[in-house]
Student: 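My structure is below; once you've seen it, I'll send some questions.
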There are 2 protein chains.
Amino acid sequence: MSDSTLASMSPALAVSTVVFSLMPSDSTGRMALHIPLVRRIREPYRGRWALPGGPLAADEDLADAARRHLVTTTALSPTYLEQLYAFGARGRSLAERVVSIVYWALVSRANAADDATTALVQSDPNVCWFDADDLPELAFDHRTIVDYALWRLRTKMEYSRIAHAFIGDTFTLAGLREVHEAVLGRELDPANFRRMVESSDSVVPTGEFLTGTPHRPPRLYRYNHAVDLVDPNPLGRT
Amino acid sequence: MSDSTLASMSPALAVSTVVFSLMPSDSTGRMALHIPLVRRIREPYRGRWALPGGPLAADEDLADAARRHLVTTTALSPTYLEQLYAFGARGRSLAERVVSIVYWALVSRANAADDATTALVQSDPNVCWFDADDLPELAFDHRTIVDYALWRLRTKMEYSRIAHAFIGDTFTLAGLREVHEAVLGRELDPANFRRMVESSDSVVPTGEFLTGTPHRPPRLYRYNHAVDLVDPNPLGRT
DNA sequence: TCAAAAGTGTTTGAATTACACCCATGT
DNA sequence: ACATGGGTGTAATTCAAACACTTTTGA
């Protein structure tokens, strides 16, 4: 069997990404998880919303491809990026056989509000941020993929410190708690949350305080880069 | 860009599997994790040991491909099979670009000792079972892959009941504990282990006892198929 | 009857939860 | 001064580890 024969038998390879950001929800106004989707302009599933992604360039690492597609659709760089799963069931594409290697990413709300990129992206009618708990019908098996990514994010939130990836450089503990509450979808005891974070050693006080609040000024914190913010698997950071 | 152009740019796709079984170690005689490796008969890495695997057939699901390669090299069916990771870094293959979707599998020691298949496989000089903690130099990045699979197995052992996949249909609690101890590499308190397993509801007593031991006959158990033996991720069983 | 593994009971300490309470600031 | 979120203290509870102890068999 020649190489070209083998290549033609091999299914096409694509890389997609589930991108999470925290934004105020349209309905409740509270912070909620949002993900960007792109409208498909060709068959199959023309007109449906789908995860950003595309083919893998010949000389490109998988994570780089995910990052590249992410940047071109959202104009944002991920603060966290991790492989989710490879989806390759036969029936998933309708047309040609496609194996999708899917990543999930977090982008910082601070970055998102940074400059005019938000407006720029919003102006593209084929890219739109949706509330993760209120999605339209998606193309392919992308709904399954998003559900799995959501599960992974929420699970990981409870044993790692990825919440930091959602927030800016300096922050209050209340702000960090807000992130946890928005992602997990439940309220957390401020006292216990404080102890949990402080005992984990993942943050260090900057010594400064946030003023201008109507009440007692909260202490500002920064990440402790000395400790690993993700999990201790032997593959390390992507 | 035509489809054929795109396909030719797309890297080749392969599926490999890290297969774990428990066998008595050559050195200590105690149960230890072993994995089967195949000797490469072509460049690159000719002569080196590598994970069983190969190309993905055009009409084949990813997990089916993993299962197929597993059966052809070891003559065993997996009692557990799960996707591990997709490895696609540029430099990993030396020759053409290959993206490997790697699975990890468990096979039951009972199955392995079942019939003449063991001898059959042992007779093939290009397939050999190695102690997972005493591996030869491997081809490609397969050493990294095995280390990651080992980490996943040991991590999962602590919060799920995959240990059952290593053992036969009926078993004693001491036998199940032996599996845990061999995989985790440390001794466990028999009393606490018993309570842990019983409270998890994952086993049910058969009512029978194992006789012929030099001491008090232990009660025999069976899996409780009513409870999920793996983790509750929304993708379900592979 | 004795050795050894099966199986039970109890104590300890760590970690999580719930919640009462004080502190400090803008209004 | 006071309302409100920042921040601290502490009791109740749950959970896992450690280990003493009793039971049952073959030799």
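Each chain gets a letter, A, B and so on, in the order the sequences are listed, and its residues count up from 1.
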Student: Rounding to a whole Å, what distance do you find between A:F193:CZ and C:dT16:C1'?
Tutor: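 So the CZ-C1' distance, A:F193 to C:dT16, works out to 15 Å.
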Student: Assess, by modelled atom type and distance only, whether the side chains of A:R67 and A:T17 contain a donor and an acceptor separated by less than 3.5 Å.
Tutor: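 Note: A:R67 and A:T17 side chains miss the donor-acceptor criterion.
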Student: With the criterion being N/O to N/O and under 3.5 Å, what pairs connect the protein with nucleotides 2-4 of chain C, and how long is each?
Tutor:
residue : atom : partner : partner atom : Å
C:dA4   : O4'  : B:H215  : NE2          : 3.4

Student: Could you tell me whether A:T211 contacts a base, only the sugar-phosphate backbone, or nothing, with contacts defined as non-hydrogen atoms closer than 4.0 Å?
Tutor: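 Since no nucleic acid heavy atom lies under 4.0 Å of A:T211, the category is nothing.
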Student: Does A:R30 offer a backbone N or O that forms a donor-acceptor pair with the side chain of A:T28 under 3.5 Å?
Tutor: yes
Student: Mark yes or no for a side-chain to base donor-acceptor pair under 3.5 Å between B:R195 and C:dG9, with no hydrogen or angle criteria applied.
Tutor: yes
Student: Rounded to the nearest Å, what distance is computed from the CD atom of residue B:E187 to the P atom of nucleotide C:dA5?
Tutor: 11 Å
Student: Out of C:dA24, C:dC19, C:dG7, which nucleotide sits closest to the side chain of A:N192?
Tutor: C:dC19
Student: Will you find, in the side chains of B:T172 and B:R177, an N or O donor that is under 3.5 Å from an N or O acceptor?
Tutor: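 Note: B:T172 and B:R177 side chains miss the donor-acceptor criterion.
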Student: Would you kindly give the CZ-to-C1' distance between B:R219 and D:dT23, to the nearest whole Å?
Tutor: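 For the pair B:R219 CZ and D:dT23 C1', the rounded distance is 13 Å.
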Student: Do A:H34 and A:F20 have their ring centres less than 6.0 Å from each other?
Tutor: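 Centroid separation for A:H34 and A:F20: 6.0 Å or greater.
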Student: Should A:R143 and A:D147 count as an ion pair when the cut-off is N to O under 4.0 Å?
Tutor: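 Salt bridge flag = yes for A:D147 with A:R143.
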Student: Distance check needed: C:dC23 C1' versus A:L173 CG, whole Å only.
Tutor: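 So the two atoms are 16 Å apart, to the nearest Å.
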Student: Give the angle between the helix axes at the two ends of the helix from C:dT1-D:dA27 to C:dT27-D:dA1, taking five base pairs at each end and rounding to 10°.
Tutor: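 End axes: 10° apart.
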Student: Let me know the distance between CD of B:E198 and P of C:dG7, rounded to the nearest Å.
Tutor: 9 Å
Student: Tell me whether A:E208 at atom CD has more than 12 heavy atoms from other residues, nucleotides or ligands lying less than 6.0 Å away.
Tutor: no
Student: Within this structure, what is the CG-to-C1' distance between A:D189 and D:dT8, rounded to whole angstrom?
Tutor: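 Interatomic distance, CG of A:D189 to C1' of D:dT8: 12 Å.
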Student: Using a distance-only test with no angle check, is there a side-chain donor-acceptor pair under 3.5 angstrom linking B:Y85 and B:Q83?
Tutor: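 Looking only at side-chain atoms, B:Q83 and B:Y85 do not form any donor-acceptor pair under 3.5 Å.
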Student: Answer yes when B:E158 and B:R186 have at least one side-chain N-carboxylate O distance shorter than 4.0 Å, and no when they do not.
Tutor: yes
Student: Mind checking salt bridge (charged side-chain N to carboxylate O under 4.0 Å, His left out) for B:D131 and listing every partner two or more places apart, or none if nothing turns up?
Tutor: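 For B:D131 there are no salt bridge (charged side-chain N to carboxylate O under 4.0 Å, His left out) partners, ignoring immediate neighbours.
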